[in-house]
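Residue numbers begin at 1 in each chain, while the letters A, B, ... track the order of the sequences. The analysis underlying the following values was restricted to heavy atoms, covering all of them including side chains, and did not include hydrogens, waters or symmetry mates.
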There are 2 protein chains.
Amino acid sequence: MNTKDAVVILFSLAQGARLEIFRLLVQAGPAGLAAGDIATRLDMPASTLSFHLKELAHAGLVKPLQSGRFIYYSAAFDVMNGLLAFLTENCCEGAQDCCVSAVCQAESA
Amino acid sequence: MNTKDAVVILFSLAQGARLEIFRLLVQAGPAGLAAGDIATRLDMPASTLSFHLKELAHAGLVKPLQSGRFIYYSAAFDVMNGLLAFLTENCCEGAQDCCVSAVCQAESA
DNA sequence: ACAACATTTCTATATTAGTGGAAATATAGA
DNA sequence: TCTATATTTCCACTAATATAGAAATGTTGT
């Protein structure tokens, strides 16, 4: 991951509608949700949703899977993990205690 | 942390210049760097840097500390950790294995 | 082929963001 | 107070983004 990739990913999340879409998909898990289902749950016009899904897919944060007439979108956890690692890379010149430890402790506690 | 806070933080990072500033400060550690130092290292006009620092500070991602004529900016690791936690909240309906574990394993390995 | 449905692309509009020079503000030291 | 330095604010310009209706595309079952 380089700076340009990270900017694209962050940009795709830095918008109210898109962040809600992504969080919905994170909570939905690997199976994902159909586009129409997302539109209904978030009360969003189809064209607006499509615009945002395209942005998220372009960043690699969501992956589309066609199944019949439906297209299921799911969150790409590996891409998100890569982003998190990038954001805390070379943290504090090697003193990693001050950086992401809080998250890891919260997870393992 | 709510969606609006997260969008503000993500937005502050979703820009090439700002992401570079933040990463520089992450690597610099808690002591931070003076604004002029950042400008020199990133070869950026002072007014442009100031614009971006303001955005990062507004999001709470960097903290300014005045010391004489200099203003030292440092990364707010607690805010970043809060963001990471928010992004993976309620992940996969409880099956956390699929989410942030990769980051934590990489850190502890 | 046709009808029904799911999703995307096209189009126009309104709003917002990024840039950097010049001027203003703040601090320190003599 | 005067000067040098550090940083921010002001300003104008250029460009990009979010939105949603309407039309187009693709898919399924009959």
A.B. asks: If you measure from CZ on A:Phe86 to CG on A:Asn81, what distance do you get to the nearest 0.5 Å?
C.D. replies: 15.0 Å
A.B. asks: I need a per-nucleotide contact map over nucleotides 13-19 of chain C, read 5' to 3'. Cutoff is protein heavy atoms under 4.0 Å; write B for the base, S for backbone only, - otherwise.
C.D. replies: ----SBB
A.B. asks: Please go through B:Tyr72's hydrophobic cluster and name the other residues, only I, L, V, M, F, W, Y counting, with side-chain heavy atoms under 4.5 Å joining them.
C.D. replies: B:Phe70
A.B. asks: Any salt bridge (charged side-chain N to carboxylate O under 4.0 Å, His left out) pairs touching residues 50-66 of chain B, not counting sequence neighbours?
C.D. replies: none
A.B. asks: Round to the nearest Å and state the distance from A:His58 atom NE2 to C:dT8 atom P.
C.D. replies: 16 Å
A.B. asks: Please lay out, stage by stage, how A:Ile9 and A:Met1 fare under the test side chain to side chain contact (heavy atoms under 4.5 Å, CB included).
C.D. replies: CA-CA 10 Å; A:Ile9 298 171; A:Met1 167 124 21; 4.0 Å; yes
A.B. asks: What distance separates B:Lys4 NZ from A:Leu19 CG, expressed to the nearest 0.5 Å?
C.D. replies: 13.0 Å
A.B. asks: To which residues is A:Leu65 joined in a hydrophobic cluster, defined by side-chain heavy-atom contacts under 4.5 Å among Ile, Leu, Val, Met, Phe, Trp and Tyr, whether direct or through other members?
C.D. replies: none
A.B. asks: Let me know the distance between CG of B:Leu53 and C1' of D:dT9, rounded to the nearest Å.
C.D. replies: 14 Å
A.B. asks: So, OP1 or OP2 of C:dA6: does either fall under 4.0 Å of a side-chain N or O from A:Tyr73?
C.D. replies: no
A.B. asks: A:Ile71: what forms a side-chain contact (heavy atoms from CB on, under 4.5 Å) with it, not counting sequence neighbours?
C.D. replies: A:Pro64, A:Gln66, A:Tyr73
A.B. asks: Distance-only check: which donor-acceptor pairs under 3.5 Å involve side-chain atoms of residues 32-53 of chain A, not counting sequence neighbours?
C.D. replies:
unit_1: A:Asp37; atom_1: OD1; unit_2: A:Arg41; atom_2: NE; d: 3.2
unit_1: A:Thr40; atom_1: OG1; unit_2: A:Gly36; atom_2: O; d: 2.9
unit_1: A:His52; atom_1: ND1; unit_2: A:Arg18; atom_2: NH1; d: 3.1

A.B. asks: Roughly how many Å is it from CG in B:Leu33 to C1' in D:dA6, rounded to a whole number?
C.D. replies: 15 Å
A.B. asks: Take the protein atom CG of B:Leu65 and the nucleotide atom C1' of D:dT7, then report the distance between them rounded to whole Å.
C.D. replies: 15 Å
A.B. asks: Mind checking whether A:Leu87 and A:Leu10 have side chains closer than 4.5 Å, heavy atoms only?
C.D. replies: yes
A.B. asks: Counting C-beta onward and ignoring hydrogens, is there a side-chain heavy-atom pair between A:Leu56 and A:Ser12 closer than 4.5 Å?
C.D. replies: yes
A.B. asks: If we fit an axis to the first five pairs and another to the last five of the helix from C:dA1-D:dT30 to C:dA30-D:dT1, what angle do they make, to the nearest 10°?
C.D. replies: 40°
A.B. asks: Just the rounded figure in Å: distance from C1' of C:dG20 to CG of B:Leu49.
C.D. replies: 12 Å
A.B. asks: Heavy atoms under 4.0 Å is the rule here; annotate nucleotides 22-30 of chain C 5' to 3' with B where the base is hit, S where only the sugar-phosphate is, and - elsewhere.
C.D. replies: B----BS--
A.B. asks: A:Phe70 CZ to D:dG29 C1': how many Å, rounded?
C.D. replies: 13 Å
